[in-house]
Amino acid sequence: MAQNEMIDASFEEDDHRVAFIFQPNTNVSHEKGTDGATPRSAKRRKLAAASSSSSTPKKHRQHGSTGTNGGVGVCFPPLFGGTEKPEAAILRRELFEEAWPVLEKRVQHVLREANRNTLDEVAGFLKRAAEIETDKLTSAFIITGPNIAAQDLLFEQLAERLCADPAGGDAPPRFVRLRASDAPNLKAVLRKIIRDASAAGPGEDEDAGAEVVQGGRKYLDYDLEALHVFLRQHQTRRVVVAFQDGEAFDSGLLTDLISILHSWRDRIRFELLYGIATSVELFQARLAKSTARQLYGAQFDVVQAGSVLDGVVKTAIASTYAALRIGPSLLRTLVDRQHHHVAGIHAFVASLKYAYMCHFYADPLSVLLAGQGRLTRPMLQPEHLEAVRTLDSFKAEAEAAVDARQLRHARSLIEDDEYLANQILDHGARRNEYLLRLLRSLHLIATSGLTPISFTDLYILALSDGVDISQSSGTIPLEDAIRRLNPDEFLTLASRLLHAISAGSPELGLTDFTADAEDLVASLTDLHDEVDGLSSRARSQGTTLKSRYSAQSRVLRTTVVAQKVQLSRDHATLTDEDRAFTAAVDKLCEVLAQHARCEPLADLFLHEPWTFDARAPYRDVFVPRPGNTLGRALVRPHDYLACACCAKAAADPAGRLDPALPTTAVLYHLYLEAGALINVADLWAAYYALVGEGEEGDGEESDAGGGGFDERTALVQFYRGLAELRMMGFVRPSRRKADHIAKVKWL
Amino acid sequence: MARRKAVQTAPTRLGSRKRDLSPADPYEVPDDVETPRRRRRTEPSSTIAAENGQDDDEDANDSPSRNQQTPAKRRGRPPKAASSAGTPIKTAVTPKSGRKRSLPETPLKLNGVDTPSRRNIADRSARRKSARALIDRVLGGTVSDDELEEESIAREIYESSEDEEPEGEDQDEENLEATTPSKTPGRKRRTARRSPTPPRDLPPHEQYFYQNKPGLAKTSGNTLASLDLLTHDEYFSILRQLKDPHAADVKFLESLHAESFPQWAFELSQGFSACLYGYGSKRRLLHNFAQYLSSQDPSHKIVIINGYVRTLTTRDILSTISAALPPVNGTNDNPSTTTTLPTLLSHLTTLPSTPHLTILINSIDSPLLRAKPALQSLLATLAAQRPRIRLACTADTPDFPRLWDAGLRAQFAFVFHDCTTFSPFAVCELDAVDEVHELLGRRARRAGGKEGVAFVLRSLPENARALFRLLVGEVLVAMEEQGGHGEEVGVEYRMVYNKAVEEFICSSEMAFRTLLKEFHDHQIITSSKDSIGTELLSLPFRKEELESILEELVS
């Protein structure tokens, strides 16, 4: 305690200041020079002494050196317990800096594209409304859904869009974004509207907007006349006011504001946009009827979050541009969280980014992601090889090799560093090959339109279980769907698949892969032509083409023979054309099954360096459980402190409290046992009985071990513990009885 | 104290069970819990009659509390760990409730005459009503403990029967604590009524309902009156000598956290805000983090905001931040005058989009920051100015994530880290003495007592002193009249103002307000509103203190 006091002295003067600019006091101690025992340096030494691993300070020094070498930004600390080569650490950072922005750009693109329709509609509506002469305020109600975090982007885009294409050729309108928190009262709202509307736009010179004084008069800052004057100077009349969270505004305020803006409409053309989470009807119900009558509005929807998510998964996570694969279980967690909690797509993207950060920051093997040119043999340290040998996929590969009697391969993998290094350097090609196979299969399946599963789910399924379309054993059973096709559908499917192959998928980053799938293309073309011919022949004969699998072809026959009923199933009435069609359908199944096929990610040798599938960091960092953390710290301090005394307490079979535990932990134990109302006097008595010198109760004496506190010291501890409990919000004062406190947390 | 209760009740229950057996078969070993009940049913009616009278009585007393106990029992207590107190209680209680459930019919069947006395019935229904009132109150949600007049009446009725005997018993038990099981009558009644030790391992919400059952919250009448509470001086003088046995472990823990500084710095650089939570003071950790950051890039400015300081305002934050930013060339040469958010933000946008500033916030969930949502949204807006501004904060309470809605969360873009430090809170963060006294409803924070007042008044002008003298006089008079002592007595603001005008202390209400403001700032007066909205002024001192202050002022 005394030590702490001393250490605290160094920044004591700053303690009571509300906010201050931090002055690093290492410089101070350097300047002082003679005063070697500045509190700061004293503490440094202590820290170093206290940490059992003497590597800590050394490590810090290393950061320092690499920090200066590495140039911009924070440098990754070396892994492998500090023995990682600095080049490898720098390479990891470079890889991250290359990998993420690609993805981020694609995600942003998807998000912006998703709103495009809404933007067009809103802009179109405002334009049309401008042409209609009406004495009402034009207002667009945009149903944004409950996630207010997603609205920011939408309104930002709206501002860009509306300012970019001015209707009717005049100057761009002024755009004001309002949030309910900006609008405590009418004056404040007006002030904000005027200020934001008359703030200088990006391309304008500043002094034009600075002066709103005219004829020696200065307007009050909530007088719309000022805005009017300003707008006249800028030859525009339009002001777009966007209420981002329309429902959060006080309805009285909104009513007043609307009627004021309405009364100004002959001088300033206000156009209102509302972001609405629920429905226009509910929103309207909150406004006065007379107010609602002043509005001329239309309703717009934004794209559902689900389809946006699908788009993000497709273009960012699954596409070939993504350097790092997000593993199936993590992706499943992230997607589920999107569905179950209204977390917003931004939270999803943030978690995605964090996964990338984790991988490159903490996994030394992430250097293997570097392309052929940059990952060289000298870069691979013995530690890298050793780490590779601990991977699950390495073990699986070695075992598989043994099973397949490729003993040389297995042996060299395990023993020969050079052999393994070559394997590692080659794995990039294998990875690309796998990804192409995976994505092409998925692309074929998704474009076939035969399955109702969303792309996200398909992708997760494919990663975790592989792709196999056979009906009985497959992960994505499609055969039945193919067999049920009628000739027309068959033809469209075949042509759609052909088109999918030739066009690739810009979202997934797939280009034309006709060359790689020659046999598929050939057989699809053949099948298409064949069926086309068959169906036209059937049409000329006046029959319809059907296959053995179509439901109608199966006939149940009832025959009565000698008063017995015989049921028989018949495949009758299949013409030659029908049989040919059936064969074609079977062939299609076969061909497709051949090409839409891929093994699960986990079966791949050396998939770990380019896959991130740990859920723990995500959970810890984005879904904190502070209650559990606090409770655990207080119930089992040993988990954190790892000290002998607390370990003893934890191991005590009787579950008795040890006085050596931190005060707050002891009090928290007592707190847990107490009821909703706690008598502080009793709490104190219980606490003192536990930690006191042991004058009362023979049982306590042995526990305290002679190291008990005298009453005043114990009271000081008690005060501290109780104050901490209060600060953490566990108790609050109660006036029910004297010296009682109320329990307010049940963790 | 619950711990002690467990110790007490365990032997008593054993005793009571023994007593049940004794009249019929003193030698029988109470091995089978079913035995007493079975035997009772088949025994001659004379013994039963005798017992019935008593049992009935007990039944009457018990009826409400039995109602509460039943669900607890039905829920089934989770299997206990080998807790020394728990096991015997469990075996002792179970048979009892079984027996009692069958009790109301028993007398009728056998005798047909033994009805409960009229008074008992009346009592019982009153109790039932009050129990219902208590339950209603809990359901109605008005359990906040401050205005509980009615409830206390209900509770009184409800507990009246319990209070009859236990008064004496409490002492009894105190003496008999942890001795051999006693056989005094009345013991049994008490043990039956009292719930067993709180069931362990209940999920938190069950625990809440269990502990908030009406009637269960019975605590002893002990007060801290005999204890001499600590003063600041004593507290600090003892604290200085105190040695924390865990100091080394805490240090080690801190060094572990320090190893993730590079990680946090990386996260900040990637546009996330870090939020450190967990038990213990994280102020030093954050300070060290600031140290680390500035060692990485000495030119980088770091602003530390102490959320725990109770006088934090928007203005402070903004002016400090704008002072830390590079000045705008030309127009605004004195950036420290920038005290509104919009101007600060527009200033920020003129800067190149490179990191300029890291904001570190101590205790983002301090009482003050909790109470002012505007500050949270200010901080969120600042955090959203990435990459120009980076932000990291610490949080102490277990429910801090509820401070922010989805919008704020998105702006903050937090990553959370468990930083349990176990290091003690410094005085500036947590004034234990004040905090505990406030908790106990003793004395609030103020300028240290009588001497403090004298010191403050000496620095104030003459008419301020006159006004304070007037105020003290009025409060003393009011105290005489109301017979109240100390802190709660208030005088009407209007009345004081009128008197002040009469005595030429001040000429306008504005001047009066200014004087009062001075007192407020030094926390030597408090003001409140009564139920009809009249403003009351009061002085947070005891009567004796007031008298001596007045003497000093007059002399």
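By convention in this document, chain letters (A, B, ...) are assigned in the order of the sequence lines, proteins followed by strands, and residues within each chain are numbered from 1.
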Asker: CZ/A/Arg726 to CD/B/Glu435 distance, rounded to the nearest 0.5 angstrom?
Answerer: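 Answer rounded to 0.5 Å: 4.5 Å.
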
Asker: Quick check on the interface: out of B/Leu268, B/Ile305, B/Asp418, who has the most heavy-atom pairs with chain A under 4.5 Å?
Answerer: B/Asp418

Asker: To the nearest 0.5 Å, what is the distance between NE2 (A/His740) and CG (B/Leu440)?
Answerer: 11.0 Å

Asker: Hey, could you give me the CD/CD1 distance between A/Gln717 and B/Ile238, rounded to the nearest 0.5 Å?
Answerer: 10.0 Å

Asker: Within the structure provided, determine whether B/Phe425 and A/Arg720 are in side-chain contact (heavy-atom separation under 4.5 Å).
Answerer: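 No, every pair of side-chain atoms sits at 4.5 Å or beyond.
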
Asker: For the candidates B/His205, B/His417, B/Glu234, which exhibits the highest count of non-hydrogen atom pairs separated by less than 4.5 Å from chain A?
Answerer: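 Most heavy-atom pairs under 4.5 Å with chain A: B/Glu234.
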
Asker: Any idea which of B/Ile304, B/Leu293, B/Leu256 has the most non-hydrogen atom pairs under 4.5 angstrom with chain A?
Answerer: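 It is B/Ile304.
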
Asker: So A/Phe20 and B/Asn306, do their side chains get closer than 4.5 Å, heavy atoms only?
Answerer: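 Yes, side chains in contact.
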
Asker: Quick check for you: among B/Glu267, B/Gln411, B/Lys301, which has the greatest number of heavy-atom pairs under 4.5 Å with chain A?
Answerer: B/Glu267

Asker: Check whether any side-chain heavy atom of B/Asp399 sits under 4.5 Å from a side-chain heavy atom of A/Lys745, and report yes or no.
Answerer: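 A side-chain contact under 4.5 Å exists here.
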
Asker: Using the side-chain contact (heavy atoms from CB on, under 4.5 Å) rule, take B/Tyr279 and A/Tyr668 through it: C-alpha gap first, then chi angles, then the decisive distance, then the call.
Answerer: CA-CA 12 Å; B/Tyr279 170 68; A/Tyr668 184 69; over 6 Å; no

Asker: I need the B/Gln270 CD to A/Trp100 CH2 distance, nearest 0.5 Å.
Answerer: 9.5 Å

Asker: Considering all heavy atoms of both residues, which atom of B/Phe414 and which atom of A/Phe622 are nearest to each other, and what is their separation?
Answerer: O-CE2, 3.7 Å

Asker: Would you compute the distance between atom CE of A/Met727 and atom OG of B/Ser281 and round it to the nearest 0.5 angstrom?
Answerer: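 So the CE of A/Met727 and the OG of B/Ser281 are separated by 8.0 Å.
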
Asker: Is A/Ile741 close to chain B through its backbone or its side chain, or both, or neither, when contacts mean heavy atoms under 4.5 Å?
Answerer: side chain

Asker: Can you tell me which of A/Val621, A/Leu715, A/Val623 forms the most heavy-atom pairs within a distance under 4.5 Å of chain B?
Answerer: A/Val621

Asker: Side chain, backbone, both or neither: which part of B/Phe422 has a non-hydrogen atom closer than 4.5 Å to chain A?
Answerer: side chain

Asker: Is it the backbone or the side chain of B/Val309 that comes under 4.5 Å from a heavy atom of chain A, or both, or neither?
Answerer: side chain

Asker: Does A/Glu724 reach the side chain of B/Asp396, with side-chain heavy atoms less than 4.5 Å apart?
Answerer: no

Asker: Out of curiosity, B/His437 NE2 to A/Tyr719 OH, how far, rounded to the nearest 0.5 Å?
Answerer: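 It is 3.0 Å, given to the nearest 0.5 Å.
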
Asker: Working note: B/Thr313 + A/Val18, criterion side-chain contact (heavy atoms from CB on, under 4.5 Å); need CA distance, chi angles, decisive distance, verdict.
Answerer: CA-CA 8 Å; B/Thr313 59; A/Val18 170; over 6 Å; no

Asker: What part of A/Tyr361 is in contact with chain B, defined as an atom under 4.5 angstrom from a non-hydrogen atom: side chain, backbone, both or neither?
Answerer: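 Just the side chain, heavy atoms under 4.5 Å.
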
Asker: Mind listing the closest non-hydrogen atom pair of B/Asn212 and A/Ala676 along with its distance?
Answerer: OD1-CB, 3.4 Å

Asker: Considering only heavy atoms, which portion of A/Arg632 lies under 4.5 Å from any heavy atom of chain B: side chain, backbone, both, or neither?
Answerer: neither

Asker: Would the distance check show the side chain of B/Asp316 and the main-chain N or O of A/Ala19 forming a donor-acceptor pair, the cut-off being under 3.5 Å?
Answerer: no

Asker: Under 4.5 Å heavy-atom distance to chain B, tell me which part of A/Lys743 shows up: side chain, backbone, both or neither.
Answerer: side chain

Asker: So which heavy atom on B/Ala432 is nearest to which on A/Ala723, and how close?
Answerer: CA-CB, 3.6 Å

Asker: Please determine whether side-chain contact (heavy atoms from CB on, under 4.5 Å) holds for the pair B/Tyr277 and A/Thr629, giving the CA-CA distance in whole Å, both sets of side-chain angles, and the decisive distance to 0.1 Å.
Answerer: CA-CA 9 Å; B/Tyr277 66 94; A/Thr629 311; 3.4 Å; yes

Asker: Let me know if B/Leu430 has heavy atoms under 4.5 Å from chain A in its side chain, its backbone, both or neither.
Answerer: side chain

Asker: Quick one: what part of A/Tyr354 sits under 4.5 Å from any heavy atom of chain B, side chain, backbone, both or neither?
Answerer: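 For A/Tyr354, heavy atoms of backbone and side chain both lie under 4.5 Å from chain B.
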
Asker: Taking all non-hydrogen atoms of both residues into account, name the closest pair between A/Ile21 and B/Ala323 and its distance.
Answerer: CD1-C, 4.1 Å

Asker: Against chain B, work out which of A/Phe96, A/Tyr687, A/Phe718, A/Phe730 has the most heavy-atom pairs shorter than 4.5 Å and name it.
Answerer: A/Phe96

Asker: At a heavy-atom distance under 4.5 Å, which candidate from B/Pro203, B/Ala290, B/Ala324, B/Ser377 has the highest pair count against chain A?
Answerer: B/Ala290

